[in-house]
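Read the structure below first, then the notes.
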Amino acid sequence: MITGILYGIGVGPGDPELMTLKAIHTIEQCDVLAVPQTKGSRTVALDIVKQTMDISDKNLLSLKIPMSRDKQVIKQNRDEIAKLVIEQLKLGKSVAFLTLGDPTIYSTYLYTHRRVLKQGFSAQIIPGVPSFCAVAARLNDSLVENAQPLHIIPASYDGVEEALNLTGTKVLMKAGKSVEEIKTLLKQNNCYQMTKMVQNCGMKDEKVIVNLDEVDNQASYFSIFVVKDGTEELIEKESEQ
């Protein structure tokens, strides 16, 4: 029996021009577009693709994702999504699972990827531009230099305060409803003045914020804080000596 292939495709952070040629060519070759969607949300990844190419000939597979942290609910949902994708693969269809940024970074895709591989089907990952790299470019600055470490932290989970004590640059992703709490932690850890933020990077409603006093608790889920520790200035001074 000939089966299709599952592709986890990163479409970048928001700007359609940041989609890779490989992502576009792979989508062109696929029969089905799998589109994750939370309740009431717009399908951001699909919107990006629509701005880049004509997908009128593709079948859309909507994958409902509950906003829950109940482990049993999450497991059942991931199993169901994998089942829906595998049904398409059994029909010989190739499936493009669209995901924002890169599929290997805090993406729901990997849960489907592992289940599909475990069931003996083929699955491949097509990398995309990570959101925090696009944010650094938008801020017109580096993330790290020389021997500086880079820490990527999911901002809506525990452990942010401990992470702020790490040396190097800290990237707080998907701040969402945690914005006010994060601002408080930044102040408590003397990081407030060294932090910048970008909301909805590359999207029409993008907002670049260099003064966190301008950030309110209605900030977008797609908000990224970049916390510098000042060592890049020391590195620059040392290089000049």
*asked:* Assigning hydrophobic clusters by single linkage (Ile, Leu, Val, Met, Phe, Trp, Tyr; side-chain heavy-atom cutoff under 4.5 Å), is Leu60 placed with Tyr7?
replied: yes
*Is it true that a side-chain atom of Lys174 and a backbone atom of Tyr106 form a donor plus acceptor pair closer than 3.5 Å?*
yes
*asked:* Could you report the tightest heavy-atom contact between Leu63 and Ala34, atom names first, then the distance?
replied: CD1-CB, 3.8 Å
*Presence of salt bridge, Asp141 and Lys196, under 4.0 angstrom*: no
*So with a 6.0 Å cut-off around NZ of Lys183, is the heavy-atom count from everything else above 12?*
yes
*Under 3.5 Å, side chain of Lys170 to main-chain N/O of Val160, donor-acceptor pair present?*
no
*Would you kindly confirm whether Leu212 and Val208 end up in one hydrophobic cluster when ILVMFWY residues are joined by side chain heavy atoms under 4.5 Å apart?*
no
_Met53 and Val49: CA distance, side-chain angles, deciding distance, side-chain contact (heavy atoms from CB on, under 4.5 Å) verdict_ = CA-CA 6 Å; Met53 56 192 296; Val49 172; 3.8 Å; yes
*asked:* Applying side-chain hydrogen bond (donor to acceptor under 3.5 Å, both in side chains) as the test, list every pair that has at least one member in residues 123-140; sequence neighbours left out.
replied: Arg138-Glu206
*Pairwise salt bridge (charged side-chain N to carboxylate O under 4.0 Å, His left out) hits with a residue in residues 60-78, at least two apart*: Lys75-Asp79
*asked:* Test of understanding: clusters of I, L, V, M, F, W, Y form through side-chain heavy atoms closer than 4.5 Å, transitively. Do Tyr109 and Val116 belong to the same one?
replied: yes
*Spatial distance of atom CD (Gln119) from atom CG (Leu6) [nearest 0.5 Å]*: 13.0 Å
_side chain to side chain contact (heavy atoms under 4.5 Å, CB included), paired with Val35, selected from Val44, Asp47, Leu46_ = Leu46
*asked:* I'd like to know whether CD of Gln51 has more than 12 heavy-atom contacts from other residues, nucleotides or ligands below 6.0 angstrom.
replied: yes
_Pairs where residues 96-110 contributes a residue and the test salt bridge (charged side-chain N to carboxylate O under 4.0 Å, His left out) is met, not counting sequence neighbours_ = none
*Measure the spacing between CD of Gln37 and OG1 of Thr108 and express it to the nearest 0.5 Å.*
12.0 Å
*Report yes if the side chains of Phe121 and Ile86 come closer than 4.5 Å at any heavy-atom pair, otherwise no.*
yes
_I want to check something: taking the side chain as every heavy atom from C-beta on, are Met173 and Ile105 in contact at a cut-off of under 4.5 Å?_
yes
*State which residue, out of Thr112, Thr99, Ile125, fulfils the side chain to side chain contact (heavy atoms under 4.5 Å, CB included) condition with Ser107.*
Thr99
_Any heavy-atom pair between the side chains of Ile224 and Val198 that's under 4.5 Å?_
no
_In the structure I gave you, are the side-chain heavy atoms of Ser178 and Tyr157 within less than 4.5 Å of one another anywhere?_
no
_Closest contact, heavy atoms only, Pro103 versus Pro127_ = CD-CA, 4.1 Å
*Starting at CG of Leu172, measure out to NE2 of His151 and round the result to the nearest 0.5 Å.*
11.5 Å
*Is there side-chain contact between Glu181 and Ser156, with at least one heavy-atom pair below 4.5 Å?*
no
*asked:* Can you give me the closest heavy-atom contact between Pro13 and Leu100, atom names plus distance?
replied: O-CD2, 4.2 Å
*Can you check whether Ile81 reaches Ile65 side chain to side chain, under 4.5 Å on heavy atoms?*
yes
*Might you confirm whether atom OH of Tyr111 has over 12 heavy atoms from other residues, nucleotides or ligands at distances under 6.0 Å?*
no
*asked:* Tell me whether Asn165 at atom CG has more than 12 heavy atoms from other residues, nucleotides or ligands lying less than 6.0 Å away.
replied: yes
*asked:* Which residues pass the side-chain contact (heavy atoms from CB on, under 4.5 Å) test with Ser220, not counting sequence neighbours?
replied: Gln199, Asn200, Phe222, Ser223
_Euclidean distance, Asn77 CG relative to Gln72 CD, rounded to 0.5 Å_ = 11.5 Å
*Could you state the interatomic distance from CD1 (Ile209) to OG1 (Thr195), rounded to the nearest 0.5 Å?*
12.0 Å
*Is Ile126 linked to Val129 within one hydrophobic cluster, defined over Ile, Leu, Val, Met, Phe, Trp and Tyr using a side-chain heavy-atom separation of less than 4.5 Å?*
no
*Is it true that Met197 and Val227 fall in one hydrophobic cluster, defined by side-chain heavy atoms closer than 4.5 Å?*
yes
_Under the ring pair (Phe, Tyr, Trp, His ring centres under 6.0 Å) definition, can you give me all pairs with a residue in residues 174-216, not counting sequence neighbours?_
none
*Provide the closest heavy-atom pair for Ala155 versus Ile182 in the form atom of the first, atom of the second, distance.*
CB-CD1, 3.5 Å
*asked:* If I compare all heavy atoms of Pro16 with all of Thr52, which pair ends up nearest, and what's the gap?
replied: CB-OG1, 3.3 Å
*Enclosure of Lys207 NZ (heavy-atom neighbours >12, cutoff 6.0 Å)*: no
*Could you name each residue pair satisfying side-chain hydrogen bond (donor to acceptor under 3.5 Å, both in side chains) that touches residues 25-36, not counting sequence neighbours?*
none
*Evaluate the side-chain proximity of Thr3 to Ser122: yes if any heavy-atom separation is below 4.5 Å, no if none is.*
no
*Are side-chain heavy atoms of Gln188 and Leu185 found at a separation under 4.5 Å?*
yes
*Any idea which heavy atoms bring Ala23 and Ile9 closest together, and the distance?*
CB-CG2, 3.6 Å
_Atom pair CD1/OG1 of Ile152 and Thr169 - distance to nearest 0.5 Å_ = 9.0 Å
